2 protein chains.
Amino acid sequence: MSKTIPPFSHLLPRQNESEIIKFDERNQTDDFKKIIRAMGLKITEQRMLILRCLHDAEVQSGERHVTAQELFEKVAAVDSSVGFATVYRFLRNLAEKKFVTEVRMGGQSSRYELTTQHHHDHLTCTSCGKICEFENPKIEKLQSQVADHFGFILTSHILELYGLCPSCQAKPPVK
Amino acid sequence: MSKTIPPFSHLLPRQNESEIIKFDERNQTDDFKKIIRAMGLKITEQRMLILRCLHDAEVQSGERHVTAQELFEKVAAVDSSVGFATVYRFLRNLAEKKFVTEVRMGGQSSRYELTTQHHHDHLTCTSCGKICEFENPKIEKLQSQVADHFGFILTSHILELYGLCPSCQAKPPVK
DNA sequence: TTGGTATTGAAAATCATTCTCAATCTCAGG
DNA sequence: CCTGAGATTGAGAATGATTTTCAATACCAA
Ligand SMILES: [Zn+2]
Ligand SMILES: [Zn+2]
Ligand SMILES: [Zn+2]
Ligand SMILES: [Zn+2]
């Protein structure tokens with residue numbers, strides 16, 4: 001079994017370096033519980049399942065940036081009794097506590113991703129939906145300079161680039 | 001009477017330099033008609049009024065970035081028989097033909113502004129709503145470089161900065 | 001003037017998101 | 001292991017922005 005990093009570990013209260021626990025299936029459950037407790041919420045089956053679906057979508061299927069609806073469908077596939085509002089509410093909780101990051105692309109519905117150690121922005125293919133993440137310190141710095149110039153205290157920003165990905169450039173136009 | 005620039009003139013089919021007409025109240029009506037015709041649409045009272053309200057809001061009241069609802073209210077104040085859908089539809093037409101630019105800020109409702117000669121982005125105060133426009137060629141160039149790096153053809157982008165404006169920094173926090 | 005279309009207003013439909021509330025569940029304390 | 005105060009849940013309704021539908025009406029080329 002390969003050594004993996006505990007989910008969300010960079011966001012949980014920091015522990016002694018030697019205490020960092022190797023993560024495997026066996027204690028995924030415990031890790032999720034820690035996260036829910038860290039949010040000051042009660043542990044429920046629903047929240048555990050939502051967290052698992054969110055984590056698996058990313059780690060197993062490589063699907064970052066899911067919508068609330070998509071996550072709800074994954075959850076419902078396992079337990080159809082879980083309501084949409086529960087998924088939605090918990091996603092909002094996770095976003096408030098920064099365990100997930102909400103990404104708003106244009107006028108579409110919000111997408112959610114596990115929060116990364118470093119801030120990043122997105123480049124999206126308007127034809128197939130492919131999303132690339134990038135980190136560009138120069139752009140970030142220029143943004144601060146713009147805010148400074150107007151005397152603003154910069155608190156956040158949205159930067160989304162849209163274009164055609166390499167494989168969509170090759171294909172004939174859809175319509 | 002001061003010499004003013006015809007509304008939208010930089011977007012209308014270019015004419016002989018010597019033909020550029022001085023703009024005054026008298027031929028505002030004609031200018032608006034040109035714009036509607038340039039979109040391939042029929043001239044109606046409603047469209048003329050919407051265009052006038054949009055133009056006046058900006059030129060007289062200095063209100064850029066109005067929402068569809070706000071524009072509808074301005075229109076309804078003059079002629080309450082005009083429907084919201086008409087305003088909305090026409091705004092969409094104007095945006096398609098690039099006479100206005102739709103600005104989506106976060107998850108809120110779209111705002112519309114007369115299209116400027118040069119592209120710009122926005123810095124918004126999250127406390128009072130003040131909007132500053134800026135143009136930053138360095139950021140624009142870096143964006144292209146990012147797209148190039150991933151092999152994308154960049155077609156558009158959204159860049160919105162959020163922060164606290166100078167006067168809101170001075171005020172005590174609202175809540 | 002007129003007829004074939006485009007346009008309009010009102011209302012209903014969509015869509016994402018949020019709220020409400022009665023029923024149910026969680027867990028600290030006994 | 002109980003218990004009860006309070007948190008959580010699911011269903012559905014509410015909200016808010018935007019879009020569509022459709023019958024009535026207006027535009028304008030001929
Ligand atoms: Zn693509
Ligand atoms: Zn991302
Ligand atoms: Zn302000
Ligand atoms: Zn602007």
Side-chain angles (χ1 to χ4, degrees), chain A residues 29-30 32-51 53 65-97 100-112 158, chain B residues 29-30 32-51 53 65-97 100-112 129:
Chain A
T29 294
D30 292 337
F32 291 161
K33 285 184 180 171
K34 276 181 203 161
I35 289 159
I36 297 172
R37 282 201 203 92
M39 293 195 284
L41 299 174
K42 291 188 173 173
I43 291 163
T44 66
E45 270 183 33
Q46 291 91 334
R47 284 169 179 163
M48 289 297 286
L49 176 58
I50 293 167
L51 218 37
C53 288
H65 313 109
V66 293
T67 61
Q69 183 61 38
E70 285 163 359
L71 181 58
F72 167 67
E73 280 158 18
K74 288 174 196 299
V75 169
V78 180
D79 178 351
S80 64
S81 73
V82 177
F84 180 74
T86 302
V87 173
Y88 212 96
R89 268 183 304 232
F90 189 45
L91 223 28
R92 193 153 21 93
N93 290 332
L94 286 163
E96 278 163 11
K97 297 295 166 40
V100 305
T101 302
E102 185 179 355
V103 185
R104 299 205 90 115
M105 319 240 186
Q108 297 166 265
S109 50
S110 288
R111 293 184 170 273
Y112 300 84
I158 294 174
Chain B
T29 294
D30 291 336
F32 291 160
K33 286 184 181 171
K34 276 182 203 159
I35 290 159
I36 298 173
R37 282 202 203 91
M39 292 195 285
L41 299 175
K42 291 187 174 174
I43 290 162
T44 66
E45 271 183 31
Q46 292 91 331
R47 285 169 177 162
M48 290 297 286
L49 175 58
I50 293 167
L51 219 35
C53 289
H65 313 110
V66 294
T67 61
Q69 182 61 38
E70 285 163 0
L71 181 58
F72 168 68
E73 281 159 17
K74 289 174 197 299
V75 169
V78 180
D79 178 351
S80 65
S81 73
V82 178
F84 179 74
T86 302
V87 173
Y88 212 95
R89 267 184 303 233
F90 190 46
L91 222 29
R92 196 155 17 95
N93 290 332
L94 286 162
E96 276 162 13
K97 297 294 164 40
V100 305
T101 301
E102 185 179 355
V103 186
R104 291 202 163 254
M105 320 244 186
Q108 296 167 265
S109 49
S110 287
R111 294 185 168 273
Y112 300 85

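Because the structure is predicted, anything quoted here is derived from the model rather than measured. Lettering of chains follows the sequences in order, A, B, ..., and the numbering in each one begins at 1.
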Distance in angstrom units between Phe72(A) CZ and dT9(D) C1', rounded: 13 Å
Nearest-Å distance for atom pair CZ/C1', residues Phe84(B) and dA13(C): 15 Å
Sugar-phosphate only, base, or nothing, as touched by Gln46(B) at under 4.0 Å among non-hydrogen atoms: sugar-phosphate
Nearest-angstrom distance from the residue atom CZ of Arg104(A) to C1' of dA16(C): 9 Å
Approximate separation, where rounding is to 0.5 Å, of His65(B) NE2 and Thr101(B) OG1: 9.0 Å
Sugar-phosphate, base or nothing in reach of Arg37(A), heavy atoms under 4.0 Å: nothing
Side-chain donor-acceptor pair present, Gln46(B), Thr86(B), cut-off under 3.5 Å: no
Candidates dA16(C), dT8(D), dT18(D) - which lies nearest the side chain of Ser109(A): dA16(C)
Closest-nucleotide 5' rank along DNA chain D - winner of Gln69(B) and Glu45(B): Gln69(B)
Nucleotide dA6(C), atom P - distance to CE of Met39(B) in whole Å: 16 Å
Protein-nucleotide distance (Lys42(A), atom NZ; dT9(D), atom P), rounded to Å: 11 Å
Lys/Arg-Asp/Glu bridge criterion (N-O < 4.0 Å) met for Glu102(A), Arg92(A): no
Whole-Å distance separating the CG atom of Asp79(A) from the P atom of dC25(C): 12 Å
Presence of Arg92(A) side-chain N/O under 4.0 Å of dT18(C) phosphate oxygens OP1/OP2: yes
Arg47(B) side chain near dA6(C) phosphate (N/O to OP1/OP2, under 4.0 Å): no
Greater than 12 external heavy atoms within 6.0 Å of Glu73(A)'s CD: yes
Upstream residue (5' side of DNA chain D) when Ile43(B) and Ala85(B) are each assigned their closest nucleotide: Ala85(B)
Given dT8(C), dT18(C), dT19(D), the nucleotide with the shortest approach to the side chain of Tyr88(B): dT19(D)
Touch class at under 4.0 angstrom, heavy-atom based, for Thr67(B) against every strand present: nothing
Thr44(A) side chain near dT9(D) phosphate (N/O to OP1/OP2, under 4.0 Å): yes
Short side-chain N/O contact from Ser110(B) to OP1 or OP2 of dT18(D), under 4.0 Å: yes
Donor-acceptor contact below 3.5 Å, side chain Lys97(B) vs main chain Met39(B): yes
Listed nucleotide nearest any side-chain atom of Arg89(B), set dA7(D), dT17(C), dT21(D): dT21(D)
